[in-house]
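Both ligands and their constituent atoms are indexed starting at 1 by order of listing.
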Amino acid sequence: MNEIKRPGTGQQALLGETDLTALRGNIRGALLTASDPGYDEARKIWNAMVDRRPAAILRALGAADVIQAVRFAKAHQLPLAVRGGGHNIAGNAVCDGGLMLDLSAMKSVRVNPSTRRAVVEPGATLADVDRETQAFGLVVPTGINSTTGIAGLTLGGGFGWTTRKFGMTIDNLLSVDLVTADGTLVHASETENSDLFWAVRGGGGNFGVVTAFEFALHPLGPQVISGLLVHPFDQAATLLKSYRRLVAAAPDELTCWCVMRKAPPLPFIPQEWHGREVLVFALCYAGPMAEGEKAAAPFRALGKPIADVVGPHPFVGWQAAFDPLLTPGARNYWKSHDFVELSDGAIDAVLAGLANLPGPECEIFIAHVGGAMAKVKPDATAYPQRQSHFIMNVHTRWREASQDAACIGWARKLSSATAPHAAGSVYVNFMPEDETDRVSQAYGRNYPRLAAIKRRFDPENLFRLNQNIRPG
Ligand SMILES: Cc1cc2nc3c(=O)[nH]c(=O)nc-3n(C[C@H](O)[C@H](O)[C@H](O)COP(=O)(O)OP(=O)(O)OC[C@H]3O[C@@H](n4cnc5c(N)ncnc54)[C@H](O)[C@@H]3O)c2cc1C
């Protein structure tokens, strides 16, 4: 008998082969348990710190499979983990002992170029979305690492190179199909189940399992002015102050982010700089090429860069530019703050942290947002942090478990040092698993409404393996 244990309840042998056989007979996809080939591969996610063993993994092929999974988890009171792209740092896509609902095989992206809309399944990655939309010269704003899942990114908010021009990913979401906690498939939009639609635009996986996202698309590409400017780190204080001035005056089309780290051995960085601290400006212009050249010029005129690879690049390629540095399989821990402005105090605290980098893959990312993202009212969607113009993420990344304490300790110290200069809020998609106490900070004044909607749609908190909003 292949028994499933219900963690935390003290009860065992709740499910046997008969239950699993019945579930298997009701789905189109596969049901894997520990003895099946592919089980270990299926339970792996991006962050190698997370090593959990679900009692069963249901690899769904459509909404009908998702309905079965939700009903099964509810009937057997099993923890239910939902996996889209498997990138979330907190690792809630996989659980110990419960049911993992793996959506990664549901990857279709259907574009209608005449209505400029796309319907996307929840297993699609950003690369899948970019390839299909760019075939028609269209984009939806997403994030900066193309192997990220569209599902988790959208449900938390979503921002990247084209957000200042076209808004957050959720600002371009027109509707969703979603399986609620009672196993019903519903459609939600501004006009149908509008509360639910408000809540899923930032509220994460708290309200149900999304089986389809409908997005509005915008014309862009196939080439964009984009690229990197790599500077010696000893110039960082002056450069960051100039950067702050330039981005404040930049048009919404122009996005420029900073990355501070040890230089990776990339071919366009001179070899003598490999492994030394650098400050990198990464920029992208979401508009006509000639205007992009002009808008990038003041950034390219800053200091004396070690490398300048700004120029025309295919949008699809630029979206994947950071992929080689963000591959799955490393140990990762993040700390993040929103900033209304990049004050001198914030810059000093960041630079002090950079002086003690614990490893060659650790970095600090500062994203400049605002633009169209800031024009949406904080209570128009569940994502409330519309007035924060910078989002800092401390990406701590290393290989050996023996380095855990040093790397996590460095990130926490840097987070504490920068906190007094920050807005007090945080992006829900950047929160590690030990930050459950920051969920209310992530939602601010929108939290009570989210808790009330949660109570209506998921009173028993079936969807709790996430940055959890408790039923109010
Ligand atoms: C290297 C890297 C770069 C990143 N860059 C950016 C960036 O530029 N911009 C940005 O906004 N974010 C970025 N992120 C954060 C990213 O948005 C989150 O990690 C997001 O949760 C990833 O979604 P996923 O589907 O891959 O993750 P998963 O781990 O599969 O899912 C995350 C959570 O979302 C929920 N969920 C997933 N699918 C569904 C569904 N269909 N229905 C209901 N709930 C679901 C579940 O609660 C799940 O635990 C980045 C992450 C990484 C690792």
Side-chain angles (χ1 to χ4, degrees), residues 44-48 50 52 60 63 66 69-70 79-95 100-104 106 120-129 141-163 168-170 176-181 199-200 202-213 255 257 259 282 284 319-330 332-334 336 361 363 365 367 369 373 383 385 391 393 395 397 427-433 458 462-469:
K44 268 192 205 154
I45 58 168
W46 180 80
N47 184 2
V50 182
R52 301 195 185 122
V66 174
V70 169
L80 177 64
V82 181
R83 183 199 199 276
H87 260 232
N88 196 277
I89 188 74
N92 287 313
V94 59
C95 53
M100 176 180 183
L101 171 56
D102 176 4
L103 303 167
S104 59
M106 294 172 63
V120 180
E121 283 193 315
T125 61
L126 307 191
D128 298 328
V129 175
T142 58
I144 63 131
N145 170 220
S146 81
T147 56
T148 306
I150 191 73
L153 177 128
T154 304
L155 291 167
F159 62 87
W161 299 122
T162 62
T163 295
M168 299 186 78
T169 313
I170 48 169
V176 290
D177 289 344
L178 169 134
V179 176
T180 52
V200 297
N206 274 285
F207 302 93
V209 183
V210 175
T211 58
F213 297 88
T255 295
W257 293 10
V259 190
C284 177
Q319 282 281 98
F322 284 89
D323 290 5
L325 301 178
L326 299 168
T327 49
N332 291 272
Y333 182 79
W334 289 0
S336 179
E361 295 184 82
E363 63 189 20
F365 241 85
V369 284
M373 173 172 169
Y383 180 92
Q385 315 300 350
I391 299 174
N393 200 3
H395 285 182
R397 186 176 161 89
Y427 178 35
V428 73
N429 271 349
F430 288 170
M431 287 161 59
E433 68 172 326
D458 184 16
L462 175 69
F463 303 114
R464 61 183 175 279
L465 297 183
N466 42 46
Q467 298 299 353
N468 196 228
I469 296 162

Close-range residues for ligand 1, whose non-hydrogen atoms fall below the 4.0 Å threshold: W46, V82, R83, G84, G85, G86, H87, N88, N92, A93, L103, P122, G143, I144, N145, T148, G149, A151, G152, L153, L155, G158, F159, G205, G208, V209, V210, L326, W334, Y427, N429, F430, L465, N466
Whether Y427 and F159 hold their rings parallel, tilted or perpendicular, with breakpoints at 30° and 60°: tilted
Pairwise distance CG(L155) to CG(N206) - rounded to 0.5 angstrom: 9.5 Å
Evaluation steps, side chain to side chain donor-acceptor pair (under 3.5 Å), between D323 and N145: CA-CA 6 Å; D323 290 5; N145 170 220; 2.7 Å; yes
Side-chain heavy atoms of I45 within contact of H87, under 4.5 Å: no
pair N47-Y333: side-chain heavy atoms closer than 4.5 Å: no
R397 backbone acceptor or donor facing N332 side chain under 3.5 Å: no
